[in-house]
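Single-structure report; data block below.
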Amino acid sequence: MEQEVRVRIGPSPTGDPHVGTAYITLFNSIFAKQRKGKLVLRIEDTDRNRSKLEWENMICDSLKWLGLDWDEGPDCGGPYGPYRQSERGDIYRKYAEELLDKGAAYRCFCTSEELSEIRTAQRAAGSPLGYDGRGRDLSEAEIQANLDAGKPYVIRLKVPRPGTTTVNDALRDPIDFDNGQIDDQILLKADGMPTYHLANVVDDYLMKISHVIRAEEWISSTPKHVLLYDAFGWDKPVFMHMPLLRNKDKSKISKRKNPVSINYYREAGYLPDAILNYLGMMGWSMPDGEEKFTVEDMLREFSPERISLGGPVFDVQKLTWLNGLYLREESSDALLATIKRELLSDEKLAQVVPLVHERMEKLDDFISQTAFFFIGDLSYDEAAMKAMVPKKRTPKDARANLEALVEKIDTLGELTTESAKASLDAVMEENGLGPRDILLPTRIAVTGTKASPPLFETMGVLGKEKVRRRLRNAIAALKALPS
RNA sequence: GUCCCGUUCGUCUAGUUGGCCUAGGACACUGGCCUUUCACGCCGGCGACAGGGGUUCGAAUCCCCUACGGGACGCCA
């Protein structure tokens with residue numbers, strides 16, 4: 001009997017909804033639907049320090065906005081739950097114990113400090129980085145003594161050495177790894193939570209995942225997963241590693257060099273269908289070469305053989321062209337509805353009106369005074385550029401200050417009046433700046449002009465994506481100035 | 001540094017069972033047409049098989065080496 005196709009996506013709720021997540025979700029979704037299989041959404045929130053429910057919700061909302069949906073997940077349940085890894089701790093601990101019993105794993109009592117010392121030494125010596133296995137062969141007595149002493153420990157995979165581990169990837173030739181090259185990966189952290197590697201293998205097994213479609217960055221840790229499947233005696237899923245989305249300079253797509261938040265694209269006026277279409281042509285193409293296609297077209301024509309492995313550069317310009325195609329083919333009525341929903345919603349207008357209310361003399365002042373809330377990127381005229389550099393400061397200083405602010409805002413879940421104020425205050429405090437060093441430059445960067453509504457409220461209404469994008473643009477513009 | 005993956009126009013790609021490839025399309029750029037203007041649309045231009053060795057009658061397509069790019073090397077995922 002043919003095994004049911006079950007695939008999964010495992011976003012980690014530690015940041016804004018990422019285009020890379022949407023990209024991988026698209027291909028998983030297409031693959032599953034095409035084979036009458038199921039797509040599982042599993043929240044990989046084993047990093048307790050960085051995971052937030054707020055982000056989980058944002059990720060789900062974004063995917064749904066794009067029109068991507070799943071069959072099983074924390075929101076809709078399913079037969080193999082819970083679908084949040086933070087709620088599956090006991091399961092992982094049980095399997096980690098099993099590995100211990102089988103001799104495929106061991107307790108390691110090394111401290112974090114000890115480990116970073118090892119790494120530093122290795123780096124200095126130019127030798128391969130990785131755990132040196134010093135805790136591998138502790139005697140029963142030593143282990144018991146450590147346990148009795150209440151020393152914290154982690155559980156590590158005991159990679160069989162010597163040996164070779166082969167990874168089969170549906171898109172590539174078999175890949176051989178020398179086991180000497182594979183680290184004794186930590187499986188269970190000192191806080192009792194599993195690392196990605198353990199959680200993934202255990203969950204994929206328990207959730208009956210048949211195909212693992214994920215990004216290429218995982219190839220080098222796949223042998224660890226293979227070793228785990230073998231240690232448990234489980235069948236392995238089919239691995240399929242998609243090429244990585246890239247920045248212009250070919251590095252892995254990142255927020256410093258590219259807008260990567262789905263929220264950004266939403267707020268910048270892109271349509272879900274256009275985004276999905278564009279993502280679909282990253283590493284894949286229609287047999288007839290057609291570049292404009294729908295998810296239904298993809299469903300009909302998708303085949304893994306047509307995936308090309310070179311890492312595609314995410315080109316916003318081409319996305320924009322595609323988006324224009326979609327926009328223009330809508331009827332005016334439909335477009336009107338879209339504009340009212342995404343751009344000029346009552347909700348949005350209700351936020352904006354109070355901010356300009358008291359400075360209005362004629363109704364149409366509203367348009368000129370609030371245009372910057374609605375348009376995408378701003379351009380800065382000469383006066384604006386000049387005013388972004390505070391007196392007695394250089395453009396370089398101005399850039400550094402705005403940069404500090406961007407970084408602060410990046411750590412925020414949502415930008416609100418309060419968090420905007422807090423961020424600005426923190427940047428001033430941490431960098432020894434006065435209000436004049438940062439407030440006016442920020443105002444101009446964010447609104448394009450010296451005269452605008454109260455800054456914190458304005459930033460809150462503009463939202464995180466527009467604010468950080470504009471700050472980045474302002475920083476880039478300042479670079480052109482002689483320092 | 002070590003291991004791994006990848007490599008066709010600036011970018012996304014077609015090409016996959018070697019000949020139909022003097023390498024096709026799209027974005028961008030650019031010339032023109034249409035148009036009161038702009039945009040759309042249409043027509044044209046620019047522009048690539050990383051390099052070197054093989055194998056073969058014949059290689060973008062197969063093999064090897066080199067180069068370059070990227071990824072991984074976390075008690076992050």
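Sequence lines set the chain letters: A, B, ... in the order given, protein chains first and strands last, and positions in each chain run from 1. Given the structure is predicted, the values throughout are model-derived calculations rather than measurements.
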Task: Side-chain ion pair, D16(A) and K464(A), N-O less than 4.0 Å - done: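 Result for this pair is yes, salt bridge flagged.
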Task: Pair R172(A) + E216(A): basic N to acidic O under 4.0 Å - done: yes
What integer number of Å spans the [atom1] atoms of [N] and [M]?
N	M	atom1	result
rG69(B)	rC76(B)	P	32 Å
rA59(B)	rC38(B)	C1'	49 Å
rG54(B)	rC73(B)	C1'	36 Å
rA50(B)	rG24(B)	P	16 Å
rG51(B)	rC46(B)	C1'	25 Å
rA48(B)	rG15(B)	C1'	13 Å
rA28(B)	rC34(B)	C1'	23 Å
rC20(B)	rC3(B)	P	40 Å

TODO: Report the residue (D176(A) or A190(A)) whose heavy-atom-nearest nucleotide on RNA chain B is the more 5′ of the two.
DONE: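 Whichever sits nearer the 5' end wins; that is D176(A).
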Task: First of T195(A) and R172(A) reached from the 5' end of RNA chain B, by closest nucleotide - done: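 Result: R172(A).
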Can you tell me the Watson-Crick or wobble partner of [N], both distances under 3.5 angstrom?
N	value
rC76(B)	none
rG44(B)	rU30(B)
rA67(B)	rU7(B)
rU35(B)	none
rC21(B)	none

Atom pair distance, as rounded to whole Å: [atom1] in [X] and [atom2] in [N]:
X	N	atom1	atom2	value
L198(A)	rA77(B)	CG	P	11 Å
E117(A)	rG74(B)	CD	P	15 Å
E301(A)	rA14(B)	CD	P	14 Å
Q181(A)	rC5(B)	CD	P	12 Å
F314(A)	rU13(B)	CZ	P	12 Å
D288(A)	rA14(B)	CG	P	13 Å
E290(A)	rA26(B)	CD	P	10 Å
M281(A)	rC27(B)	CE	C1'	8 Å

Task: Intermediate values then yes/no, salt bridge (Lys or Arg N to Asp or Glu O under 4.0 Å), D90(A) and R93(A) - done: CA-CA 5 Å; D90(A) 293 343; R93(A) 282 187 283 278; 2.9 Å; yes
For [N] and [X] - does any side-chain N or O of the residue sit under 4.0 Å from the phosphate oxygens OP1/OP2?
X	N	answer
R214(A)	rA77(B)	no
R328(A)	rA39(B)	no
S285(A)	rA14(B)	yes
R306(A)	rU16(B)	no
K292(A)	rG25(B)	no

Just call it for [X]: base, sugar-phosphate, or nothing, with non-hydrogen atoms closer than 4.0 Å on any strand.
X	answer
G324(A)	nothing
Y278(A)	nothing
M282(A)	sugar-phosphate
G311(A)	sugar-phosphate
R50(A)	base
V154(A)	base
I175(A)	sugar-phosphate
T46(A)	sugar-phosphate

Task: Pairs satisfying side chain to side chain donor-acceptor pair (under 3.5 Å), at least one member in residues 310-319 of chain A, at least two apart - done: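 Those involving residues 310-319 of chain A are E291(A)-K318(A).
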Open item on the list: Within the 4.0 Å limit for protein heavy atoms, which parts of nucleotides 28-34 of chain B are touched? Write it as a string from 5' to 3', B for base, S for sugar-phosphate only, - for none.
Closed with: S------
Task: Within 45° cone and under 6.0 Å: K292(A) NZ/CZ vs Y326(A) ring - done: yes
Open item on the list: Less than 6.0 angstrom from the centroid, inside 45 degrees of the normal: does R35(A) satisfy that with respect to the ring of F31(A)?
Closed with: yes
Is the [X] ring parallel, tilted or perpendicular to the [Y] ring (thresholds 30°, 60°)?
X	Y	result
F27(A)	Y23(A)	perpendicular
Y229(A)	F239(A)	perpendicular
Y196(A)	H225(A)	tilted
W218(A)	H197(A)	perpendicular
Y270(A)	Y265(A)	perpendicular

- [ ] Report the residue from N247(A), N258(A), V260(A) that forms a side chain to side chain contact (heavy atoms under 4.5 Å, CB included) with F314(A).
- [x] N258(A)
Open item on the list: Can you tell me which nucleotide in rC75(B), rA26(B), rG6(B) comes closest to the side chain of L115(A)?
Closed with: rC75(B)
- [ ] Flag the pair D203(A) / E44(A) as yes when at least one side-chain heavy-atom distance between them is below 4.5 Å, and no otherwise.
- [x]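 D203(A) does not reach E44(A) side chain to side chain.
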Which protein N or O atoms sit under 3.5 Å from an N or O of nucleotides 68-72 of chain B?
unit_1, atom_1, unit_2, atom_2, d
rG70(B), O4', R246(A), NH1, 3.4
rG70(B), O2', R246(A), NH1, 3.2
rG70(B), O2', R246(A), NH2, 3.4
rG71(B), OP1, K252(A), N, 2.9
rA72(B), OP1, K252(A), NZ, 2.8
rA72(B), O4', S220(A), OG, 3.0
rA72(B), O2', S220(A), OG, 3.1

